[in-house]
Enquirer: 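The structure under discussion is supplied below as structure tokens; questions concerning it will follow.
Position 1 is the first residue of the sequence; numbering continues from there.
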Amino acid sequence: MTRPLNDLTAGDPERLTERMAGGEDEVQAVTRARGGDTEAFRFLVERHSRGVFRLAFRMTGNEHDAEDVVQETFLKAYRNLAAFEERAQFGSWVHRIAANCAYDLLRARVRRDERLEHAESPEDDRTLAVAADDPSPERLVAGREVRGRLRAALARMSALERSAFTLRHVEGMSIAEISRALDLDTSAAKQSVFRAVRKLRQALGEQAQWGITT
């Protein structure tokens, strides 16, 4: 039976802080966690949970789904510690798990409702934020229009396209990293990013001056 996530993460914050301040090595923490040390695993969760949440939020677009992805990510990581290669970076490994979990959630969301519309307003969609240096009324109106077009473009993307685009242009992953995260071959990952960028450019029209490439 899988242990509840809170059993694996709810440690003593002071002890975690002391351990980090004392130079706890992440490789050592992984080794100890693989040996059944749940406190060592809590240390790893404490170190990487915020980054995993940010990635999950950018891919799913809402906090509730992102929290579900975080839970599923660390449960999978805990169950698969034996398969983790210690010479690799734990952070990169757990982020690839998170990307895959978020992608699975997006696909499930599409299956539940092919015509799902985001309930959030354009201003609340933080997957792709447009900065405004001069908050004039004209600039704000233009910003809302662009965000609306971005939302429309994201809505037209498949779960795979949105995932690949987010990993490439928000998380900065390479095509090879995206391939591993989403369990795709390199060509499929590259094509997914290409199709997502094309839809984004079509949505932005003349305002597509982002310099976004595949």
Side-chain angles (χ1 to χ4, degrees), residues 51-70 72-73 76 89 91-132 141-214:
V52 168
F53 178 84
R54 284 195 297 268
L55 170 61
F57 180 80
R58 286 165 176 164
M59 290 183 66
T60 64
N62 71 77
E63 294 183 2
H64 178 75
D65 285 344
E67 290 169 356
D68 286 346
V69 168
V70 172
E72 183 65 19
T73 294
K76 284 190 174 182
Q89 292 289 326
S92 298
W93 181 66
V94 80
H95 273 67
R96 287 197 296 271
I97 295 174
N100 196 267
C101 289
Y103 174 44
D104 287 344
L105 185 147
L106 287 172
R107 288 192 299 178
R109 181 193 292 175
V110 171
R111 287 195 296 268
R112 286 196 304 267
D113 186 357
E114 292 289 340
R115 302 177 64 87
L116 179 67
E117 294 182 358
H118 238 295
E120 298 175 349
S121 67
E123 290 81 1
D124 289 333
D125 192 335
R126 288 167 282 176
T127 304
L128 292 167
V130 179
V141 170
R144 283 195 292 270
E145 181 181 353
V146 171
R147 285 193 293 270
R149 293 187 181 188
L150 288 174
R151 287 186 66 245
L154 289 168
R156 287 198 294 271
M157 292 181 192
S158 68
L160 178 56
E161 291 164 353
R162 176 167 179 157
S163 298
F165 178 86
T166 303
L167 295 177
R168 178 67 170 155
H169 292 291
V170 180
E171 292 299 311
M173 287 189 182
S174 67
I175 294 297
E177 289 171 328
I178 295 170
S179 300
R180 291 194 296 271
L182 302 182
D183 194 22
L184 303 168
D185 60 46
T186 302
S187 177
K190 191 170 185 178
Q191 284 298 313
S192 297
V193 175
F194 175 79
R195 289 194 299 269
V197 169
R198 183 173 58 189
K199 289 179 180 180
L200 183 63
R201 286 175 172 166
Q202 290 172 345
L204 290 176
E206 294 180 356
Q207 293 173 312
Q209 299 176 4
W210 287 36
I212 294 177
T213 63
T214 56

Enquirer: When you look at CZ of R54, are more than 12 heavy atoms from neighbouring residues, nucleotides or ligands closer to it than 6.0 Å?
Expert: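 Counting neighbours around CZ of R54, 12 or fewer heavy atoms of other residues, nucleotides or ligands fall under 6.0 Å, so no.
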Enquirer: Students often mix this up, so state it plainly: with edges at 30° and 60°, are the rings of H169 and F165 parallel, tilted or perpendicular?
Expert: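 It falls in the tilted class, 30° to 60°.
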Enquirer: Can a salt bridge be assigned to the pair R58 and E171 using a cut-off of 4.0 Å between side-chain N and carboxylate O?
Expert: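 Between E171 and R58 there is a salt bridge, with a charged N closer than 4.0 Å to a carboxylate O.
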Enquirer: Do V197 and R201 make a side-chain contact, defined as non-hydrogen atoms from C-beta onward lying under 4.5 Å apart?
Expert: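 Side chain of V197 against side chain of R201, heavy atoms only: contact under 4.5 Å found.
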Enquirer: With a 4.5 Å heavy-atom cut-off, do L167 and L55 have their side chains touching?
Expert: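 The answer is yes; the side chains approach within 4.5 Å.
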Enquirer: State the CZ-CG distance between R109 and D104, to the nearest 0.5 angstrom.
Expert: 13.0 Å
Enquirer: How long is the gap from OG on S174 to NZ on K190, to the nearest 0.5 Å?
Expert: 12.0 Å
Enquirer: Taking all heavy atoms of A66 and all of T60, pick out the closest pair and write down the distance.
Expert: N-OG1, 3.7 Å
Enquirer: CZ of R162 to CG of L200: how many Å apart, nearest 0.5 Å?
Expert: 12.0 Å
Enquirer: On a heavy-atom basis, which atom in A164 and which in L182 lie closest, and how many Å separate them?
Expert: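 Taking every non-hydrogen atom into account, N-CD1, 4.1 Å.
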Enquirer: Tell me, do D185 and S179 make a side-chain contact under 4.5 Å, heavy atoms counted?
Expert: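 Heavy-atom side-chain distance check fails, nothing below 4.5 Å.
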Enquirer: How many angstroms lie between OG in S192 and CZ in R168, if you round to the nearest 0.5 Å?
Expert: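 Result: 13.0 Å between the selected atoms.
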Enquirer: Which distance, rounded to the nearest 0.5 Å, do you find between the CD1 of I178 and the OH of Y103?
Expert: 12.5 Å
Enquirer: Evaluate the side-chain proximity of V170 to M59: yes if any heavy-atom separation is below 4.5 Å, no if none is.
Expert: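 No - every pair of side-chain heavy atoms lies 4.5 Å or more apart.
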Enquirer: Would R96 and E177 count as a salt bridge (Lys or Arg N to Asp or Glu O under 4.0 Å) here? Give the steps.
Expert: CA-CA 8 Å; R96 287 197 296 271; E177 289 171 328; over 6 Å; no
Enquirer: Give, for atom CG of D65 and atom CD of E72, the distance between the pair rounded to the nearest 0.5 Å.
Expert: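 Answer rounded to 0.5 Å: 12.5 Å.
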Enquirer: Does Q89 CD have over 12 foreign heavy atoms under 6.0 Å away?
Expert: no
Enquirer: Specify the closest pair of heavy atoms between V69 and A102, including all atoms of both residues, with the distance to one decimal.
Expert: CG2-CA, 3.8 Å
Enquirer: Using the salt bridge (charged side-chain N to carboxylate O under 4.0 Å, His left out) definition, which of the options R156, R107, K199 pairs with E161?
Expert: K199
